[in-house]
J.: 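This is the structure I have questions about; it appears just below.
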Amino acid sequence: MAISPELAASYRSLPADRRRAIAETASPALRTELVAIERDMALRRSPGSMARLLTDGREMQAEHLDLIDQAFARIAAGESIRLLLTMPPRHGKSRRAARWAPLWYLMQRPDHRVMIASYSADLADDHGRWIRDAITAWGEQIGVTLHPGSKAANRFDLLGHEGGLVCAGVGGGLTGKGAHLAVVDDPIKDDQEAQSPTMRKRLWEWWQSVLLTRIEPGGSVIVIQTRWSEDDLAGRILASETAEDWITINLPAVADSPDDALGRKVGEPLWPARYGRKALAKIRRAVGERVWWSLFQQQPRPQEGGVWQRSWIDQNRITAVQFAGLDLARVVVAVDPAGGESLVGDETGVVGVALGYDDHLYVLEDRSANMGANDWGLTACRLALELRADAVVVESNYGGDMAKQVVTQAWEQLVRDGQTRGMLMPMILEVTAKIGKRLRAEPIAQLYEQGRVHHVGQHPVMEGQMVTWVAGMDSPDRMDAVVHGLTELADPDQLSVLPKDLDDGRMAGRR
């Protein structure tokens, strides 16, 4: 006798260990029915689970693809979301988001309509054709069937249900019924299109006047793309008034932040089983820095070459062990407070740099972050204590005496807390930048080119900002802080103007 729907539903609700125990003691006939239930549960668990089952395990799976699965699961469960997911090419995003996941969603919600849009009608139709053929091949297993009179690759309906699929290229029409779910996958074809103001404007107008107007009340939108330009679709969404309505997941090919969406450590690849460190390094050399930071790291930059070259940093990098054997003449902490000339984020740049008796310069630490005045003052002073810095160099263009006051008050607080251990407060050297950023940066970049500047260890965020910055862009605060600090130390007149009889401990601890 077949298991009743009530018992089947009860079985589905049990944890895996309980279901396993029941199956082990079940009769052969009951076990056959339980196997069928388990298979159906696996099909419905997630797009990735369905893909593995229907391809006998051949379909690839990875943690970043799980994020796509989770988004579709939330929508299938009835949640209305706006998701922007940016990730590098050749990492499976289109196959999962524009093929397997819509197929899975239609199995879950056969009365819903799905829209898929890509940069061209041909690509969108390819996605639709794949989903249509998948239903033809596996429809009996997933419980959906094509309507006999509606089987076109770019538009089809499901037999016995209100749902179906429509596909279109960006810029094309999406007439007819609305959509409960719209998936925009790779809305930009190539770099030429991304750099065209006309094409970017056309895409945005289509987005606003066509796609968004077709979403049913309570419907969801997923945009999955590789970043091409600061003004691409993702960039405009993030800069729009509705940006706070979007869930944003950024997945660089190589993790560059401790706040990585997957919890990766800085430097870890996104898909190590497919693209390990060596493979990504080879890709980086092949495509160049601008393409690497845009398409692979999701940090788009203009086409022009930067002031710094990556090789100048990489070829002169040293380890902490190598640095430990050096004799230092000076160490300073440099600060570029947020809210100044830069419009790139709201970070305060806080870095530690040193000058060796070998006349070489060393970048030691990057403690930059989004901080208020009190926090950056404490961060700078604590770093000065840690490095035994003789000075704190502060950009004061936009704060006047406030910058000096922030550092002084922070040091006094550390004294009260007993953290200074008798060390006297470093000198506070205020920087008033009277020349343009390129003129400030170029002399320091020349020192990098000459091999006189060494980064101790890895500083991926700061280095990424440096090598992708070009004149005309707002410069990021981490980079500005490095320039301030190294300019202070590189000035050949600096040591000569210091008091000859410094005996207050500021220079103590130099190796």
Side-chain angles (χ1 to χ4, degrees), residues 258 328-342 345-355 361-434 456 459 461-462 476-491 493-511:
L328 301 181
R330 292 190 66 198
V331 177
V332 304
V333 171
V335 181
D336 190 272
E341 182 179 344
S342 174
D346 295 313
E347 289 187 323
T348 291
V350 180
V351 302
V353 296
L355 170 68
L361 298 158
Y362 301 88
V363 177
L364 311 179
E365 293 287 344
D366 177 14
R367 300 288 170 83
S368 308
N370 293 313
M371 295 180 281
N374 185 61
D375 287 335
W376 73 247
L378 290 172
T379 298
C381 289
R382 287 180 177 130
L383 182 57
L385 278 170
E386 180 181 327
L387 300 178
R388 301 194 64 79
D390 55 80
V392 176
V393 181
V394 187
E395 155 71 90
S396 62
N397 276 27
Y398 300 88
D401 293 335
M402 185 194 75
K404 185 173 183 177
Q405 183 179 356
V406 168
V407 177
T408 301
Q409 291 177 344
W411 188 269
E412 291 173 350
Q413 180 177 333
L414 294 182
V415 171
R416 291 193 299 270
D417 294 342
Q419 296 184 35
T420 57
R421 302 182 297 277
M423 179 176 169
L424 295 180
M425 185 177 74
M427 293 176 290
I428 302 175
L429 305 176
E430 295 180 277
V431 175
T432 302
K434 298 180 180 179
V456 181
H459 309 286
V461 178
M462 178 181 69
D477 296 290
R478 294 172 192 252
M479 187 195 82
D480 282 346
V482 171
V483 171
H484 296 326
L486 294 181
T487 298
E488 164 69 19
L489 296 180
D491 187 339
D493 297 325
Q494 286 297 321
L495 287 177
S496 64
V497 301
L498 292 176
K500 300 299 182 182
D501 57 346
L502 273 179
D503 61 355
D504 59 6
R506 288 192 180 97
M507 305 298 288
R510 298 290 165 264
R511 295 194 298 274

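Just so we're clear, the structure is a prediction, and the values are computed from it rather than from any experiment. Sequential numbering from 1 along the given sequence is applied to the chain's residues.
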J.: Drop me the distance from M479's CE to S368's OG, to the nearest 0.5 angstrom.
T.: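 It comes to 12.0 Å.
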
J.: Can you find a heavy atom in the side chain of V415 that is under 4.5 Å from one in the side chain of T420?
T.: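 The answer is yes, as the side chains (C-beta and beyond) meet within the 4.5 Å cut-off.
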
J.: Spell out, as yes or no, whether a donor-acceptor pair under 3.5 Å connects the side chain of R416 to the backbone of L414.
T.: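 Such a contact is absent between R416 side chain and L414 backbone.
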
J.: On a heavy-atom basis, which atom in H484 and which in V335 lie closest, and how many Å separate them?
T.: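 That would be CD2-O, 4.1 Å.
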
J.: Are the side chains of W376 and D336 in contact, using a 4.5 Å heavy-atom criterion?
T.: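 D336 vs W376: side chains apart.
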
J.: Which value, rounded to the nearest 0.5 Å, describes the distance between L385 atom CG and M425 atom CE?
T.: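 Output value for this atom pair is 11.5 Å.
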
J.: E365 versus E386: any side-chain heavy-atom pair under 4.5 Å?
T.: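 Heavy-atom side-chain distance check passes, below 4.5 Å.
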
J.: Where do L429 and A391 come nearest, in terms of heavy atoms and distance?
T.: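 Shortest heavy-atom separation between L429 and A391 comes out as CD1-CB, 3.8 Å.
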
J.: Please test T408 against I428 for side chain to side chain contact (heavy atoms under 4.5 Å, CB included), starting from the C-alpha separation and ending with a verdict.
T.: CA-CA 8 Å; T408 301; I428 302 175; 3.4 Å; yes

J.: Looking at side-chain heavy atoms only, is the closest gap between D480 and E395 below 4.5 Å?
T.: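 In short, these two side chains do not touch, never coming nearer than 4.5 Å.
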
J.: CZ of R367 to CG of L383: how many Å apart, nearest 0.5 Å?
T.: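 Atom-to-atom, R367:CZ and L383:CG are 5.0 Å apart.
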
J.: Could you go through the side chain to side chain contact (heavy atoms under 4.5 Å, CB included) check for V331 and L364 one step at a time?
T.: CA-CA 9 Å; V331 177; L364 311 179; 4.3 Å; yes

J.: Check D477 against P337 and note the closest heavy-atom contact, atom names and distance.
T.: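 Closest approach of D477 to P337: OD1-O, 3.6 Å.
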
J.: Please report the shortest heavy-atom distance between L387 and G352, naming the atom on each side.
T.: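 Nearest heavy atoms, L387 then G352: CD1-CA, 3.8 Å.
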
J.: Taking the side chain as everything from C-beta on, heavy atoms only, tell me whether V406 gets closer than 4.5 Å to V394.
T.: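 No. Closest side-chain heavy atoms not under 4.5 Å.
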
J.: Give, for atom CD of Q409 and atom CE of M402, the distance between the pair rounded to the nearest 0.5 Å.
T.: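 One finds 10.5 Å between CD of Q409 and CE of M402.
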
J.: Considering all heavy atoms of both residues, which atom of A334 and which atom of A481 are nearest to each other, and what is their separation?
T.: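 Heavy atoms only, the tightest pair is CB-O, 3.1 Å.
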
J.: Heavy atoms only: give me the nearest H459-V363 pair and the separation to one decimal.
T.: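 Shortest heavy-atom separation between H459 and V363 comes out as NE2-O, 3.8 Å.
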
J.: How many angstroms lie between CZ in R330 and CG in D390, if you round to the nearest 0.5 Å?
T.: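 Separation between the atoms: 4.5 Å.
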
J.: M371 versus V350: any side-chain heavy-atom pair under 4.5 Å?
T.: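 With C-beta onward as the side chain, the pair touches.
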
J.: Nearest 0.5 angstrom please: Q413 CD to Q419 CD, how far?
T.: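 Result: 8.0 Å between the selected atoms.
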
